[in-house]
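Here the structure is laid out as structure tokens; the discussion comes afterwards.
When a ligand or atom number is given, it counts from 1 through the structure's own listing order. If you read the sequence from its start, that first residue is 1, and numbering goes on from there. Atom set for the values below is all heavy atoms of this structure, side chains included, hydrogens, waters and symmetry mates excluded.
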Amino acid sequence: MLVKLTISSSAVMFIFYVVAVLTFSAKHLQGTPVQNVSTAFIDRQGLIDLTRFGERIYGHPDKAAGEKLSNLEAHEMLNPEELGPYLEGDLLIPHGQKLIYRNGVTAYSARWPRGIVPYEIKGRFSEQELAVIDNAFQEYHNKTCIRFKPRSNERDYVVITGDSTGCWGSVGRLGGKQVVNLQPVYCFRKPGTSMHELMHALGFVHEQNRYERDSYIRVLRQNVKNGMLFNFDKASPSALYSFGVPYDYASVMHYSKRSFSKNGQPTIEALKQTSDSNLMGQRIGFSKGDIAKLNAMYKCKAQ
Ligand SMILES: [Zn+2]
């Protein structure tokens, strides 16, 4: 009898505990404007989970990043977006930027409704640089259903700035105004850099940090700059934005093999020899995989 009583007390306590946790979760996980966050809701609304980046993705644009770029020789194989002091080189959500949903480190951005991205260009760019930006837009327009259109009065939009703070942007639609910064000269040497930063804004992250990447590349940790290894942290298996497209060495979102190197030696080694494995870090344009992923995320009909 005593034993039964103990069990039932435990059961009651357990139920009480469960109810308390659920009540707490319901109260604290209901950020605005997103209500009742659940996996189904996230899938339906196309939210993009930024949680794995933690606090490191928040920061301030850094003028020192711009100065560092001015030391980059044109012939170097490194891409300017790999050199920033930001998370993974070029990912930054400025402090104070509102997000679609954030509760502590739990943070989401979102896709752009119907693939329409309103934009403003605020940087002082040369005609040639404006042509590079326009070329990036045209690549999206020709190969996907995504549309960059000059902003009229839309609430959420991208402003392209040209501050001396490097090449950087945020992942997904944050809500309100968000920056893609393309520092003149350095972020325009290759057509793929603008395309890369815009692909972040659309919701994509770096290819070399896919959760299954260890089957395709080896990170040569001994050559990575001290304290920079976190830039090679893998995505969690639950954050799947690969849409069935296999690991893609040729992606415009893949870093070059000497990114974050402290000694000029490679930091990324391809484990498979394919026709694409020597294309790591290319910034000529979209790979077939990039186009497939963009069209899948934005549910484009066949182009
Ligand atoms: Zn990037």
Side-chain angles (χ1 to χ4, degrees), residues 48-50 52-54 56-59 61-62 65-66 68-69 72 76-94 97 109 117 132-133 136 139-140 146 158 160-163 165-174 178-183 186-211 213 217 219 224-225 228-235 239 241-242 245 247-261 267-268 279-287 289-290 293-294 297:
I48 295 157
D49 191 349
L50 305 174
R52 81 167 175 97
F53 295 121
R56 282 194 165 117
I57 200 169
Y58 303 97
D62 184 356
K68 195 171 166 191
L69 277 193
L72 181 69
E76 283 189 59
M77 294 299 287
L78 286 169
N79 292 312
E81 61 273 28
E82 298 167 10
L83 292 178
Y86 314 112
L87 183 68
E88 298 184 12
D90 69 339
L91 302 181
L92 174 67
I93 299 177
Q97 172 87 49
S109 61
V117 185
V132 172
I133 296 171
E139 283 293 294
Y140 282 96
I146 292 155
V158 165
I160 299 178
T161 55
D163 296 341
T165 55
C167 324
W168 58 267
S170 308
V171 178
R173 175 172 59 95
L174 302 184
Q178 69 185 75
V179 169
V180 167
N181 193 72
L182 296 169
Q183 181 171 344
Y186 307 102
C187 305
F188 292 92
R189 282 186 173 151
K190 297 174 188 170
T193 296
S194 313
M195 296 161 71
H196 176 106
E197 296 305 336
L198 293 172
M199 204 162 157
H200 280 316
L202 287 161
F204 289 90
V205 291
H206 293 128
E207 187 74 5
Q208 74 277 3
N209 289 347
R210 280 172 67 149
Y211 87 99
R213 64 104 190 275
I217 61 163
V219 176
V224 176
K225 279 183 194 149
M228 290 279 187
L229 203 55
F230 63 81
N231 285 324
F232 291 98
D233 283 352
K234 286 186 287 185
Y241 302 121
S242 50
V245 177
Y247 190 90
D248 183 8
Y249 293 111
S251 171
V252 81
M253 303 309 281
H254 203 297
Y255 270 12
S256 63
K257 63 182 180 181
R258 289 186 176 78
S259 48
F260 306 106
S261 176
T267 52
I268 304 175
L279 293 176
M280 288 193 299
Q282 69 80 18
R283 292 294 181 269
I284 305 300
F286 290 133
S287 67
D290 291 329
K293 277 186 282 191
L294 285 161
M297 182 182 270

Q) Where do Cys187 and Ser194 come nearest, in terms of heavy atoms and distance? A) O-OG, 4.3 Å
Q) Any side-chain heavy atom of Gln282 sitting closer than 4.5 Å to one from Val252? A) yes
Q) Around the Zn ion (ligand 1), what protein N, O or S atoms are found below 2.8 Å? A) Asp90 OD1, Asp90 OD2, His196 NE2, His200 NE2, His206 NE2
**Q.** Partner set under side chain to side chain contact (heavy atoms under 4.5 Å, CB included) for Lys225, not counting sequence neighbours
**A.** Lys68, Met228, Lys262
Q: Return yes if some donor-acceptor pair links the side-chain N/O of Ser287 with the main-chain N/O of Asp290 below 3.5 Å, else return no.
A: yes
Q | salt bridge (charged side-chain N to carboxylate O under 4.0 Å, His left out) partners of Arg283, counting only residues at least two apart | A | Glu81, Glu82
Pairs of donor and acceptor atoms involving the side chains of residues 199-207, under 3.5 Å and at least two apart or interchain, shall be tabulated with distances.
from, atom 1, to, atom 2, distance (Å)
His200, ND1, Phe204, O, 2.8
His200, NE2, Asp90, OD2, 3.2
His200, NE2, His196, NE2, 3.1
His200, NE2, His206, NE2, 3.0
His206, ND1, Glu88, OE1, 2.6
His206, NE2, Asp90, OD1, 3.1
His206, NE2, His196, NE2, 3.3
His206, NE2, Tyr255, OH, 3.1
Glu207, OE1, Lys293, NZ, 2.6
Glu207, OE2, Arg210, NH1, 2.9
Glu207, OE2, Asp248, N, 2.9

